[in-house]
Every structure is written in structure tokens, then in C-alpha cells.
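Bear in mind the structure is a predicted one, so any value in this text is a computation, not a measurement. Hydrogens, waters and symmetry mates are skipped; everything else that's a heavy atom, side chains included, is used.
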Amino acid sequence: MDKHYKLFRVRELADNDEEFIATLAAAFLEEVPEDAGRLKEAVSNKDYYTAYQAAHKMKPTVDLFELGVLQDLIEVQDWGKFEKTGMDISGKLEIVLTAIENASKELKVDFNL
């Protein structure tokens, strides 16, 4: 448990209410992988606006669960926001996607979801 994510801030937000923590974990699994897929597609299509939107939406949850990739996600977000056409963001995107995939797998196991 807590190998690819941290629950410290989640527990603080939930005031250690285990049911609410499980609800937050379920919400993570419902939203973040879907947004990550949208982000991946947007980057591959050089759809800067959609990439910006997806990354921006994911930031609070990635930060709350402390995946350790917030700065990488911000770089991907800024790539879209500022339409950095000459920049290859694929390395940062892969770091973010891997962290989300690892955290998602672990949350499913840890919370029986």
C-alpha cells in the first residue's frame, strides 16, 4: 500500500474517515485514467488546447494523491497552454502516464475496486 501514491493529504482532507477515503480513491479511478487517455491522445494529435485542459483538470488529484509527478504534469500542461510547437513533451507525458497507471493498479488492489 502507498507505494505509487500517498494518502497523507487524502487522510487529512477526509479527517481519517475511511469511507470517504475509499470514495476519493474510487473517484480517482473513475476520472484520472480517463483524463490521462484524453491527454495522451491530445499530445499525439498536437491538440494543444485539449492537452492543456486535460492536464489542468488532473493536477489537483495528482497532487492530492502525491503521485510524485506534479511538476512533470505541469510541464505537459504548459506545453499545451503555450503551444510549444518545437518541444517534444513525450518523455514528460510518459512519466505522468506511468505514474497514473501504477497508482491506479495499486488503488484498485488496496481498496478492492
Side-chain angles (χ1 to χ4, degrees):
M1 187 174 195
D2 289 53
K3 183 176 177 188
H4 297 288
Y5 66 92
K6 304 287 182 263
L7 287 179
F8 176 77
R9 294 174 70 199
V10 174
R11 289 190 186 287
E12 191 175 272
L13 175 69
D15 199 26
N16 287 316
D17 178 342
E18 292 299 323
E19 188 174 317
F20 187 54
I21 292 168
T23 300
L24 290 173
F28 178 102
L29 292 172
E30 187 175 310
E31 294 181 22
V32 176
E34 181 179 316
D35 291 334
R38 195 165 62 109
L39 179 61
K40 181 179 180 179
E41 184 176 327
V43 169
S44 75
N45 293 330
K46 296 194 182 334
D47 180 348
Y48 298 101
Y49 183 70
T50 301
Y52 164 72
Q53 282 187 316
H56 184 72
K57 182 181 176 202
M58 293 165 54
K59 275 189 335 186
T61 310
V62 166
D63 188 33
L64 180 64
F65 281 85
E66 299 181 72
L67 302 190
V69 295
L70 182 61
Q71 191 56 47
D72 299 298
L73 182 58
I74 290 170
E75 288 185 48
V76 176
Q77 173 193 272
D78 287 351
W79 173 87
K81 181 177 182 180
F82 300 112
E83 296 189 18
K84 296 182 178 183
T85 56
M87 181 181 181
D88 180 8
I89 201 67
S90 60
K92 295 293 182 179
L93 175 65
E94 197 55 43
I95 290 168
V96 170
L97 295 176
T98 299
I100 290 168
E101 184 179 331
N102 289 338
S104 296
K105 286 178 184 176
E106 193 171 353
L107 283 166
K108 285 178 185 177
V109 171
D110 292 348
F111 289 92
N112 297 315
L113 298 169

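Under a hydrophobic-cluster definition in which Ile, Leu, Val, Met, Phe, Trp and Tyr are linked whenever side-chain heavy atoms come within less than 4.5 Å, directly or via other members, Y52 and V69 are assigned to different clusters. If you chain together hydrophobic residues whose side chains sit under 4.5 Å apart, M87 and L73 fall into the same group.
Salt-bridge check for E18 with R11: passed, with a basic side-chain N closer than 4.0 Å to an acidic carboxylate O. Using a 4.0 Å cut-off between charged nitrogen and carboxylate oxygen, R9 and D63 count as a salt-bridge pair.
Note on residues 76-106: pairs passing ring-ring contact (aromatic ring centres under 6.0 Å, His included), not counting sequence neighbours, are Y48-W79. Here salt bridge (charged side-chain N to carboxylate O under 4.0 Å, His left out) pairs that include residues 33-46, with residues two or more places apart or in two chains, are D35-K57.
As a member of the Ile/Leu/Val/Met/Phe/Trp/Tyr network built from side-chain separations under 4.5 Å, I74 groups with L70.
Residues L13 and L24 are in side-chain contact: their nearest non-hydrogen atoms beyond the backbone lie under 4.5 Å apart. No side-chain heavy atom of E66 sits less than 4.5 Å from a side-chain heavy atom of Y5. Looking only at side-chain heavy atoms (C-beta outward), F65 and L107 come within less than 4.5 Å of each other. Taking the side chain as every heavy atom from C-beta outward, L39 and T50 never approach each other to under 4.5 Å.
F28 and A103 get closest at one heavy-atom pair: CZ-CB, 4.2 Å.
The distance from the OG1 atom of T23 to the CG atom of L113 is 9.5 Å, given to the nearest 0.5 Å.
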